[in-house]
Structure formats: C-alpha cells, structure tokens
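Remarks on the structure that follows.
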Amino acid sequence: MEFREVEAKWQKYWDEHPELYRASIKKSKEKKYILNEFPYPSGSGLHIGHAFSLVGSDIYARFKRMQGYQVMFPMGWDAFGLPTENYAIKNKRKPQEVTAENTAVFKKQMKKLAFSIDWEREIDTTDPNYYRWTQWIFIKLFEKGLAYKKEMPINWCPSCKIGLANEEVVNGRCERCGHEAERRNISQWIVKITDYAERLLSGLEETDFENKVKLAQINWIGKSEGSRIKFKIEGRDEKVEIFTTRADTLPGASFLTVAPEHSLALEAAKKDQEVANYIKKAKNKSDLERTELNKEKTGVFSGFWAINPYNQQKIPVWVSDFVLVSYGTGAIMSVPAHDQRDHDFAVKFGLPIIPVIKKKGWNFDKEAYVSEERGKEIKIGKKCNQYHLRDWIFSRQHYWGEPIPMINCPKCGWVTVPEEELPLKLPEVEAYEPTVDGQSPLSKIESFVNCRCPKCGGPAKRETDTMPNWAGSDWYYLAYCLFEDINKPLSGKKNIFVKNQKILSEWMPVDVYIGGDEHNTLHLLYSRFIYQFLHDLGVMPADIREPYDKRVSHGVILGPDGFRMSKSRGNVVTPESVADKYGVDVLRLYLMFMGPFESVMAWNEKTLIGVKRFLDRFIIFVEKQKSNRESSETSLRLLNKSIKGVTQDLENFNFNTVVAKLMEAINKIDKLSREDLRKLIKLIAPLAPYTAEELWHKLGEKESIHGSGWPEYDQKMNDNEMVKIPVAVNGKVRDQLEVSKEESQIESKIVSRALELDKIKTWVKGKEIVKEIYVPGKMLNLVVR
RNA sequence: GCCGCUGUGGUGAAAUCGGUAUACACGCAAGACUUAAAAUCUUGUGCUCUCAACAAGCGUGUGGGUUCAAGUCCCGCCAGCGGCACCA
C-alpha cells in the first residue's frame with residue numbers, strides 16, 4: 001500500500017479516536033508529563049528543527065504510553081511576538097488573523113507528522129482567556145513589590161525610530177535596517193528577578209537537569225562572594241561604597257574608580273566641565289562603540305579624594321566607563337598590582353601601583369599579578385554576595401503582546417487593573433507601527449489610554465507598553481494542566497490556580513522538558529522564577545518547589561551544506577517536502593537515525609535512502625513471516641535481545657541506536673511466529689506510527705497499536721546461551737573461547753580451557769604466567785613474562 | 001580572556017561499569033537478476049606488509065601518566081563549534 005493512503009487512513013482514524021492520546025489521571029497508573037517547548041507559529045510553517053525535536057518527544061511519549069503510563073503530551077502556541085507584528089505591518093493585516101492562519105498550518109502539519117498530542121489541551125498565549133492569567137501574575141508581582149517602573153536605557157534605532165529588544169540588536173546594529181543602535185532612556189517596567197537569585201541557584205539541586213544546563217544557569221546568575229567597603233570622601237558627608245571580592249588587597253588600593261552614572265561623578269560634573277563632557281560621551285556610547293573601545297581605557301579625574309580605610313591614605317577618585325553602574329555599587333577600589341584592568345588604567349594615567357601579594361621576580365610595572373593566592377584577611381566592610389543576573393526589563397513598546405494591566409493615576413500613582421476586570425484586552429488598532437517617539441501603538445488609542453483610577457475614580461491613564469515574549473511562556477506548563485478552566489473562562493474572582501490544587505499536584509512537575517540549548521538560560525530561568533514566585537504566593541502545591549524535573553536538550557539540524565538553514569542561503573529543507581517525497585515514517589526514522597538526539601548534524605539525503613530501504617524491508621519481512629506458526633529459537637533470542645536494547649535506548653533518548661537495533665533485528669531474525677511478529681511491530685511503533693498501525697491491523701488486530709502494551713524482556717531466555725570469552729595475553733586478544741553461561745562463571749575452568757587453545761599455547765610457551773585476570777562473562781587476560 | 005561541548009574508517013556514526021574499537025547505515029568494489037537501466041538481493045570493505053591466505057604490526061586529534069587492560073580515567077598541548085564578555 002502506498003504511504004500516502006496509509007497516512008490518510010490512520011490520520012483519520014486517530015482523529016476519530018482522541019481518547020488514544022488523551023491525558024487523564026487514573027489512580028492505578030503513574031503519570032508522565034512530557035513537555036516540548038511550544039513553538040512560535042511563524043508564517044513559514046513547521047521547520048525541520050521543530051520536526052526533529054517533536055519527533056523525539058513524540059517517540060518518548062508513545063513509548064511511555066505503551067508502557068502503561070498516563071502520559072500528558074500537550075501542545076500550544078507561543079504566538080505573541082515581533083515577526084507576526086512585522087508581517088502585519090508589511091502586509092496591512094491583523095496580527096490576530098495572521099496568528100490564526102499560522103497556528104492552523106502548524107496544527108495540520110503536526111497531525112500529519114503523527115504527533116500523539118492531546119489536542120484537547122491546546123492553548124494559545126494570545127487568547128484573552130489565556131493572557132488574563134499572564135496579566136494576573138504581573139499584578140501579583142506588582143503587589144509583592146517585585147515589579148517597578150524605572151528609567152532604563154534601551155536599544156534605539158534612530159532610522160526605524162523604534163525601541164529594540166536585545167534580541168533585535170545584532171552586533172550592535174538594528175536587525176531590520178542594519179543601522180547602528182543607540183542607547184536611549186525610557187521608563188520601563190522592571191521585574192526584580194534578582195530577589196530570587198539565591199533561590200534559583202539552590203533550586204537547581206532539586207532538579208534532574210543535565211550538568212551543562214545547570215552550569216549554564218549557574219554562570220548566568222553569576223554569583224560572587226565578597227564584601228562592601230565604604231570610603232570617606234574628603235569634604236563630603238556621603239561615603240562611597242565599593243564592592244570587591246578581594247578585600248585582602250585593600251592596602252594596594254591606590255585610587256577609586258566610579259561609573260559615569262555614579263552620584264559622585266554627577267557631583268563632580270557640576271564643577272568640572274571636563275568630567276561633564278566625559279560623562280556625556282560615555283552615555284551616548286552605543287553597544288557597538290563600547291565593545292570596539294574595549295582595548296583602550298578612558299577616564300577622567302573627578303577632583304575628589306577618598307580615604308583608604310586600611311591606612312588612612314588619600315587616594316584620587318577617577319571616573320571611567322569600564323566601571324558599570326549595573327553591577328555592584330557602580331564604584332570599585334582600584335588595585336593595579338593585582339587586577340589587569342586597574343593596571344591598564346594606572347599605566348595610562350600614571351597612578352601608583354602598590355603590590356600587596358609579593359611575587360619574586362614579578363615586574364609589577366609591566367603586568368598585574370593576578371592569582372588565586374590571597375593576602376592576609378582584612379576585616380573592614382561587610383560580607384555580601386553579588387550576582388551577574390540583572391533585573392528583567394518587562395516592557396516592550398510594541399503592539400503584539402499582552403497589555404500590562406496597570407493604570408497611572410495622578411493622585412494615587414501606579415494602580416493595578418482590578419482582578420475581576422481581567423483580561424485587559426488588546427484593542428484592535430488601525431496601524432501597528434510604533435510611534436515616532438518610540439511608544440507602543442496603543443498610546444495612540446485614546447479610548448484605551450484614558451480611564452478612571454480604580455482607587456479614587458479620578459481620570460487616569462493606562463500603561464501602553466506590552467509584555468515581552470517570555471511572559472506567556474513562563475507558566476504555560478501550568479496552563480496545560482488547567483486547560484478546562486482556561487479555555488472555558490471562569491467568571492469573576494475565581495482563581496484557576498487556587499481552585500485546581502488537586503489537578504496541579506497530580507500533574508506537576510513536568511517529568512521531562514525537551515527544548516533547545518538557546519533557552520537554557522533565559523526561558524528556563526524566567527519560568528523557574530515565575531513558578532517559585534507562584535509557589536511563594538501559596539497557589540502552587542507546597543511540596544512541588546520546581547516546575548521541571550528533567551531537562552533534555554535537543555540538537556540542531558544544519559542544511560546539506562553544513563550551515564544553519566536560512567532562506568538567504570537557500571539551504572532550507574522542510575519536513576513537509578521530505579514527508580511528501582518519502583513518507584512521514586521515513587522522515588521520522590531518518591531524523592532519529594542521523595545522530596545523537598543532542599548533537600548538531602547536517603542534513604544528508606543520501607543517508608536517508610538507507611532508512612527508506614529499511615522500512616521497505618520491514619514491511620516485506622512482516623508480509624513474509626505472518627503465516628508462521630512458531631519462531632525459530634535463535635530468532636526468539638534475537639527478538640528478546642532487541643526488546644531489551646530498544647527499551648533501554650528509548651528510555652535514554654538514544655533514538656539513533658534504537659533505529660540501528662531494529663535494523664539489526666531485521667537483518668538477523670529469520671523466523672517469527674505471528675505472535676512474536678506483533679512484538680517486533682510494537683518496537684517500531686513509537687518511531688514509525690503509520691507503518692506500525694497498518695501492519696498491526698494487517699495481522700488482524702482491531703484496536704490501535706498505540707494503545708497496546710509494550711513487550712516485556714524475558715530475563716531467563718538468554719540464560720542457556722553460549723557466550724564468547726575473548727582470551728588475551730598481555731592485554732592483546734589472541735583467541736576466544738565459547739562456553740556456556742554457567743561455565744563462564746567458573747574462573748578455574750575458563751583458565752584451563754584457555755590454556756588448551758593452540759594460539760594461546762604458542763603465546764604462553766616458555767613463559768611464566770604471572771597473573772590471571774578473569775572478568776566473569778567478559779574476558780580473560782593472562783599476564784606472562 | 002572566561003565558561004561549556006566536540007575530536008573514532010572515504011562519510012553519518014556505535015561502543016551501559018575501563019574489558020574483542022569501528023555495531024548500524026551511506027558510499028565504493030565484485031557478483032546475481034535484466035536486452036539494458038533502475039530497483040532489489042548476495043559478498044567484500046580501517047591501515048601497513050603480502051598475488052592471496054594465514055600470521056604479524058599499527059590504529060579512536062596530540063604528548064605523557066595510571067592500570068593486567070584506556071576511545072573511556074588523570075595531567076599537558078593542538079584544532080573546531082557554541083555561549084558570555086571591562087562583572088571588580
């Protein structure tokens with residue numbers, strides 16, 4: 001039968017039987033919540049990367065389902081975002097309509113690729129019933145003091161006249177027009193994720209993330225332990241506080257350096273034009289300039305003098321942009337003898353270099369001596385930790401995002417939109433372009449902006465910024481659990497999280513979270529933070545402290561030329577084109593056979609042929625074998641071995657070797673009974689669901705194979721098998737011994753039989769056997785002299 | 001510069017705990033079927049020496065080390081990929 005007909009037939013059947021893939025908690029069965037990062041539904045449809053990671057996830061979900069677990073494998077759409085907005089602007093269309101079209105295409109393609117998704121749980125971050133709760137979370141953040149408004153520099157494209165998200169700035173340039181991006185101060189909503197830095201670190205211990213993911217998060221949070229030390233400033237009451245990890249080098253602090261934004265620098269600028277000019281210049285520096293000017297240090301003397309608290313010496317205070325406002329206190333003590341940046345600075349401006357840790361023969365004038373070694377402890381200042389993690393800029397001056405549910409009242413200040421008024425719907429607008437001054441298009445809609453203050457009833461204005469992309473994906477793993485209350489909205493004040501504690505504690509945490517390395521820091525950290533925050537609010541089950549248990553990162557598929565697939569390179573391979581040409585099962589098998597699930601691989605259609613041949617042979621094999629009454633003994637053993645290997649490899653996401661083991665089975669097995677044939681088909685079912693279903697029914701089955709059980713490995717079957725024991729002399733294998741399993745356990749027997757082997761005799765002849773090392777069932781090594 | 005990952009045949013890659021390196025597949029070569037081609041099937045395929053077989057030697061980026069035994073563990077170096085980058 002042609003693959004097209006087979007696919008159409010079973011896709012229809014599966015659509016008519018949603019119970020097959022429906023996730024439901026039954027007391028008797030253990031649950032598995034298998035989550036793949038939900039896609040952004042772009043206009044170009046599912047790309048090969050989506051297909052790759054989803055095939056792997058689907059195989060695992062199908063495998064676990066057949067093993068008898070209650071599997072939840074849901075899907076949804078992370079549909080807010082710039083590409084849709086840009087497309088809408090360009091084509092004068094509504095983002096809502098574009099999104100609906102795109103998600104329809106994605107869903108259709110996913111169904112074709114046979115993903116065993118529970119479609120009843122489908123969610124969409126742009127659905128007001130969904131983002132009502134995204135907004136509710138923001139309100140709670142605000143109420144708990146974790147969201148605040150602040151002037152922050154953002155990236156600004158002077159050509160497009162819009163604010164750019166960090167993702168939109170590529171090498172310091174605007175992603176759309178290539179113009180150099182500038183910095184501009186705009187008042188923004190900030191979320192205090194830094195309050196959770198320590199929790200985000202310690203929580204990692206409760207997860208089963210692989211080490212590289214944990215390390216990525218640890219590095220991103222970037223904790224350093226040190227102390228804060230206050231320096232008196234001559235002629236001023238206010239002290240300058242610095243942060244250092246090396247308080248022991250305080251005696252060598254020959255000057256202080258403060259950031260251009262530091263209050264002391266601003267103070268100095270009032271009196272000194274040169275300082276004022278420097279600050280102005282530094283402020284206007286774009287990211288591009290900052291990285292380019294990386295090499296040469298710049299700075300200016302502030303005119304202020306500080307007192308080193310260790311020895312009461314007068315040291316100058318300098319202003320330099322290599323000191324960052326956003327880290328520590330925005331001021332440092334400079335120890336040129338033991339820090340290379342301070343050294344560069346000191347050399348350029350002729351400042352003293354005072355060694356604290358002595359090193360024989362070290363030329364301190366030439367280079368700083370930077371070592372792990374510490375000087376004697378100095379107990380000045382107080383111990384504290386610093387983190388690289390920054391607070392999270394939560395505002396976007398764009399249209400296609402969740403409106404931030406805040407109202408600014410001239411009397412009451414910032415007031416939240418009352419919970420019962422949620423969702424605060426995104427109004428339909430005529431134009432989606434950002435305004436000339438960089439504000440969100442919402443700011444032009446007076447009916448949206450002007451409102452009454454919920455507190456005092458006076459006239460007030462709404463926030464017009466929208467939320468970043470990450471907001472909707474911070475809690476979607478909860479939304480899948482609560483889909484009934486999200487897709488059929490609750491009225492009034494009822495809270496989905498509080499109401500559904502039981503459901504949450506049944507499904508959470510996510511058992512396996514499959515996603516890309518590019519999300520190992522931001523998305524994973526943001527969503528862990530939001531979960532922890534909700535946990536602190538008391539709306540999450542008390543004993544579930546982390547949202548994800550295990551994290552599996554999938555690899556990347558490059559184009560046939562070895563480069564990342566892109567339209568401009570013209571090396572794009574779409575899953576659809578491959579499925580049309582060879583069939584879905586061939587595509588699925590090939591994607592998995594390419595290499596390890598985590599690695600980076602180039603597309604190679606030639607290798608795909610091998611997989612196609614295998615699947616054809618598999619079908620022919622079943623046809624030929626199906627009338628057998630019984631299996632041959634060797635075939636039965638081989639099948640049993642395959643069951644063991646395939647089961648183990650599926651468990652560990654080693655899908656490439658699963659395919660290899662199935663190929664091996666087909667190559668070696670010669671005779672199977674109809675009953676045993678069923679087991680073999682089950683082994684391939686998670687990988688090639690269409691073919692397996694078709695063959696299964698050809699054997700006379702009436703129910704779907706995907707609802708059937710997983711074959712069991714028979715431990716005893718291989719017991720009386722013969723085993724081959726390699727015999728080595730001085731570590732080099734010279735011959736092998738074939739013995740029964742029983743015999744292989746007795747060392748003395750193995751040694752004496754090995755010494756009877758002709759080849760071994762010649763190697764041992766005339767020499768003394770110093771040592772015999774026998775690893776039962778594995779190998780024998782004779783050490784001779 | 002810092003952090004992480006990777007290095008195995010002509011190619012994609014296998015090798016649970018340190019225990020027969022190169023499974024599985026592509027490609028290539030020879031053969032079968034065919035008027036022919038495609039498809040399919042069979043056999044062979046790390047390197048060196050050899051007409052060939054046997055045997056032997058060498059082989060997992062590189063130099064050392066530990067061990068009866070190292071692709072696997074430890075130390076140094078080289079190359080490639082990804083991320084971060086004046087973080088005090």
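Just so we're on the same page: letters track the sequence lines, and every chain starts at 1.
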Could you tell me how the ring of A:F345 sits relative to the ring of A:F349: parallel (under 30°), tilted (30 to 60°) or perpendicular (over 60°)? tilted

Which of parallel (below 30°), tilted (30 to 60°) and perpendicular (above 60°) describes A:H519 and A:H523? perpendicular

Between [X] and [Y], is any side-chain donor less than 3.5 angstrom from a side-chain acceptor?
| X | Y | result |
| --- | --- | --- |
| A:N652 | A:Q648 | no |
| A:Y327 | A:S224 | yes |
| A:S642 | A:E664 | no |
| A:E605 | A:Y582 | yes |
| A:T657 | A:N654 | no |

Taking any heavy-atom pair under 4.0 Å as a contact, classify A:F614: base, sugar-phosphate, or nothing. nothing

Assign A:E664 to base, sugar-phosphate, or nothing according to its heavy-atom contacts below 4.0 angstrom with the strands shown. sugar-phosphate

Of the non-hydrogen atoms in A:E225 and A:F243, which two are nearest, and what is the gap between them? C-CZ, 4.4 Å

Please name the pair of heavy atoms, one in A:K759 and one in A:R734, separated by the smallest distance, quoted to 0.1 Å. CD-O, 3.4 Å

Which value, rounded to the nearest 0.5 Å, describes the distance between A:K724 atom NZ and A:Q736 atom CD? 5.5 Å

What's the spacing between A:I193 CD1 and A:D391 CG if we round to 0.5 Å? 8.0 Å

Applying side chain to side chain donor-acceptor pair (under 3.5 Å) to A:Y774 and not counting sequence neighbours gives none

Considering residues at least two apart in sequence or located in another chain, which fulfil the side chain to side chain donor-acceptor pair (under 3.5 Å) criterion with A:Q625? A:N628

Rounded distance in Å between the [atom1] positions of [N] and [M]:
| N | M | atom1 | value |
| --- | --- | --- | --- |
| B:A14 | B:C24 | P | 14 Å |
| B:G63 | B:A70 | C1' | 16 Å |
| B:G9 | B:U48 | P | 15 Å |
| B:G18 | B:C73 | C1' | 8 Å |
| B:G10 | B:G46 | P | 10 Å |
| B:G7 | B:A56 | P | 31 Å |
| B:C77 | B:G19 | C1' | 29 Å |
| B:U20 | B:C26 | P | 26 Å |

Proximity to the side chain of A:S224 - top-ranked nucleotide from B:C86, B:A88, B:A14: B:A88

Evaluate the ring-ring contact (aromatic ring centres under 6.0 Å, His included) criterion for residues A:W603 and A:Y590: first the C-alpha distance (whole Å), next the side-chain angles of each, then the deciding distance (0.1 Å), finally the verdict. CA-CA 10 Å; A:W603 184 262; A:Y590 172 61; 4.9 Å; yes

Rounded to whole Å, please give me the gap between [atom1] in [X] and [atom2] in [N].
| X | N | atom1 | atom2 | result |
| --- | --- | --- | --- | --- |
| A:H343 | B:C86 | NE2 | C1' | 16 Å |
| A:M333 | B:A88 | CE | C1' | 9 Å |
| A:K612 | B:A25 | NZ | C1' | 16 Å |
| A:L591 | B:G12 | CG | P | 18 Å |
| A:Y774 | B:U20 | OH | P | 13 Å |
| A:M663 | B:A23 | CE | P | 14 Å |
| A:N667 | B:A23 | CG | P | 12 Å |
| A:M594 | B:G12 | CE | P | 12 Å |

Any donor-acceptor N/O pair under 3.5 Å between B:C24 base and A:K661 side chain: no

Residue whose nearest RNA chain B nucleotide is more 5′ - A:V325 or A:W220: A:W220

Residue pair A:S599/A:A660 against RNA chain B: nearer the 5' end by closest nucleotide is A:S599

Six-ring centre of A:F322, A:K297 cation under 6.0 angstrom, axis tolerance 45°: yes

Under 6.0 Å from the six-membered ring centre of A:F209 and within 45° of its axis: does the NZ or CZ of A:R551 meet both? no

Distances for protein N or O near nucleotides 15-17 of chain B N or O, under 3.5 Å:
unit_1, atom_1, unit_2, atom_2, d
B:U16, N3, A:Q648, OE1, 3.1
B:U16, O4, A:Q648, OE1, 3.4

Could you tell me which residues satisfy side chain to side chain contact (heavy atoms under 4.5 Å, CB included) with A:K749, sequence neighbours excluded, listed by chain and number? A:E743, A:I746

Using the side chain to side chain contact (heavy atoms under 4.5 Å, CB included) criterion, which residues pair with A:S566? Sequence neighbours excluded. A:S568, A:R569, A:N571

Can you find a pair of side-chain heavy atoms, one from A:Y513 and one from A:K550, that are under 4.5 Å apart? no

Checking understanding here: a glycosidic angle within 90° of 0 is syn, the rest anti, so what is B:C17? syn

Regarding B:G59, purine or pyrimidine glycosidic angle vs 90° from 0 gives anti

Hey, where does RNA chain B pair up into stems, meaning at least three consecutive Watson-Crick or G-U pairs with distances under 3.5 Å? B:1-7 with B:78-84, B:10-12 with B:24-26, B:27-32 with B:40-45, B:46-48 with B:56-58, B:61-65 with B:73-77

Sorted by chain and residue number, the salt bridge (charged side-chain N to carboxylate O under 4.0 Å, His left out) partners of A:E768 (sequence neighbours excluded) come out as A:R785

Mind listing the N/O atom pairs, protein and nucleotides 37-47 of chain B, below 3.5 Å?
unit_1, atom_1, unit_2, atom_2, d
B:U40, OP1, A:R613, NE, 3.4

So does A:P336 get a backbone contact from the side chain of A:D342, meaning a donor-acceptor N/O pair under 3.5 Å? no

Can you name the atoms? Protein N/O to nucleotides 4-11 of chain B N/O, anything below 3.5 Å, with the distance.
none

Please encode protein proximity along nucleotides 67-73 of chain B as a string of B, S and -, counting only heavy-atom distances under 4.0 Å. -BS----

Aromatic contact, A:F614 with A:F593 (centres under 6.0 Å): no

With a 6.0 Å cut-off on ring centres, are A:W318 and A:F304 close enough? no

For residues 243-253 of chain A, which residues have at least one heavy atom under 4.0 Å from RNA chain B? A:F243, A:T244, A:T245

Contact list (N/O, under 3.5 angstrom) for nucleotides 52-60 of chain B vs protein:
unit_1, atom_1, unit_2, atom_2, d
B:G57, OP2, A:R734, NH1, 3.2

